[in-house]
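One structure is given below, encoded as structure tokens.
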Amino acid sequence: MTMDAAFEGKVALVTGGSRGIGRAIALALGARGATVVVSARSADAAGPTVDAIVAGGGRARSLVLDISDDRSVDAAMADLRKEHATIPLLVNNAGITRDNLLMRMKWEDWNEVINTNLSGIYRICRALVPSMVKARYGRIVNITSVVAAIGNAGQANYAAAKAGTEGLTRSLARELASRNITVNCVAPGFIETDMTGTLTEAQREALLAQVPLKRLGRPDDVAAGVTYLLSEQASYVTGITLDINGGMYM
């Protein structure tokens with residue numbers, strides 16, 4: 001891990017930072033000097049990411065957090081406030097899927113995805129934005145998905161939550177711009193993660209047929225976009241969705 005000082009002195013919370021895209025984002029922030037709070041539903045899940053950041057010379061800690069649960073969010077935010085007056089860098093990455101065709105989708109599967117992927121971001125932003133406003137500084141990046149724009153059969157709940165997140169993002173960007181707080185989205189396409197690692201060769205080829213660049217994205221591709229939007233180089237960028245999808249939506 002190569003260290004630089006782009007985020008030196010800043011604290012970053014990355015939800016869902018234990019694996020995949022969230023882990024890549026956490027590692028990138030740690031490599032650039034941020035003190036990274038890696039949240040997951042258990043300390044054991046977040047541990048390997050924290051250990052990797054520390055092993056590379058960075059600073060990190062784990063945070064037990066279930067963004068779908070009000071009490072968990074309240075407890076986690078109280079824990080953070082003991083150490084930090086403000087969390088200036090926030091990446092809302094945590095999310096779940098409960099895929100099925102709408103006519104077969106149970107209410108519980110619809111509600112759980114909306115409650116986690118959309119309402120979870122509301123909970124975290126509602127908790128952390130007041131201290132950003134007081135400090136007159138903040139950078140928020142919400143991870144959405146290409147399916148927010150194009151839809152996906154079997155993912156009506158997930159696509160609705162991600163599209164809702166983009167609307168929330170633009171509204172919050174307007175509310176907070178006067179306080180030097182930017183709010184943006186990064187929308188990945190098909191990314192190499194544990195989930196895509198289970199695909200058959202035929203399924204993989206079907207995915208690649210939709211991508212003009214003819215490869216799946218890497219978690220580091222997404223992390224690069226996120227770190228840009230969190231950086232001072234993006235201080236005049238707010239309310240956007242940065243698509244990182246190999247050209248499958250343009």
Minimum heavy-atom separation for [X] and [Y], please, with both atom names.
| X | Y | value |
| --- | --- | --- |
| A45 | A40 | CB-CB, 3.9 Å |
| M248 | G189 | SD-CA, 4.2 Å |
| A187 | T144 | CB-OG1, 3.3 Å |
| A161 | N117 | CB-CB, 3.7 Å |
| Y158 | V147 | CD2-CG2, 3.6 Å |
| R98 | M105 | O-CE, 4.2 Å |

Can you list the steps and then say if K106 with D109 is a salt bridge (charged side-chain N to carboxylate O under 4.0 Å, His left out)?
CA-CA 5 Å; K106 297 177 181 178; D109 292 336; 5.9 Å; no
Verify side-chain contact (heavy atoms from CB on, under 4.5 Å) between R170 and R174, making sure each step is shown before the conclusion.
CA-CA 6 Å; R170 290 188 286 271; R174 290 186 180 276; 5.9 Å; no
Are any non-hydrogen side-chain atoms of [X] and [Y] less than 4.5 angstrom apart?
| X | Y | result |
| --- | --- | --- |
| V226 | V91 | yes |
| V37 | V14 | no |
| S68 | R41 | yes |
| P48 | R23 | yes |
| I240 | L229 | yes |
| M250 | D243 | no |
| F7 | T227 | yes |
| L172 | C125 | yes |

Check: [Y] main-chain N/O paired with [X] side-chain donor or acceptor under 3.5 Å:
| X | Y | result |
| --- | --- | --- |
| R59 | G33 | yes |
| S39 | L65 | no |
| T116 | I96 | no |
| D66 | S72 | no |
| Q155 | N152 | no |

Run the salt bridge (charged side-chain N to carboxylate O under 4.0 Å, His left out) test on R215 and D221 for me, step by step, so that the C-alpha distance in whole Å, both residues' side-chain angles and the decisive distance to 0.1 Å come before the verdict.
CA-CA 12 Å; R215 70 169 177 87; D221 294 325; 3.2 Å; yes
Spacing of [atom1] belonging to [X] relative to [atom2] belonging to [Y], to within rounding of 0.5 Å:
| X | Y | atom1 | atom2 | answer |
| --- | --- | --- | --- | --- |
| T49 | I25 | OG1 | CD1 | 11.0 Å |
| L176 | R139 | CG | CZ | 11.5 Å |
| F190 | L207 | CZ | CG | 4.5 Å |
| L168 | C185 | CG | SG | 8.5 Å |
| I140 | T169 | CD1 | OG1 | 8.5 Å |
| E192 | R218 | CD | CZ | 9.0 Å |

Checking side-chain polar atoms at under 3.5 Å, does [X] have a donor or acceptor matched by the opposite partner on [Y]?
| X | Y | result |
| --- | --- | --- |
| D44 | S42 | no |
| R123 | N115 | yes |
| N142 | T165 | no |

Take a 6.0 Å sphere around OH of Y122 and say whether it holds more than 12 heavy atoms from other residues, nucleotides or ligands.
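Incorrect, the count does not exceed 12.
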Is it possible for you to say whether [X] and [Y] belong to one hydrophobic cluster, with membership spreading through side-chain heavy-atom contacts below 4.5 Å?
| X | Y | value |
| --- | --- | --- |
| I191 | V141 | yes |
| I244 | L29 | yes |
| V64 | I87 | no |
| V133 | L90 | yes |
| V36 | I124 | no |

Please walk me through it: do V11 and L89 pass side-chain contact (heavy atoms from CB on, under 4.5 Å)?
CA-CA 6 Å; V11 181; L89 309 178; over 6 Å; no
Any Lys/Arg nitrogen of D79 or R61 sitting under 4.0 Å from an Asp/Glu carboxylate oxygen of the other?
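Looking at R61 together with D79, the answer is yes, because their closest N to O distance falls below 4.0 Å.
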Run V113 and T97 through side-chain contact (heavy atoms from CB on, under 4.5 Å) and show every step you take.
CA-CA 6 Å; V113 169; T97 57; 5.7 Å; no
Do L216 and L208 pass the side-chain contact (heavy atoms from CB on, under 4.5 Å) test, and can you show the C-alpha distance, the side-chain angles, and the key distance before you say yes or no?
CA-CA 7 Å; L216 298 185; L208 291 177; 3.9 Å; yes
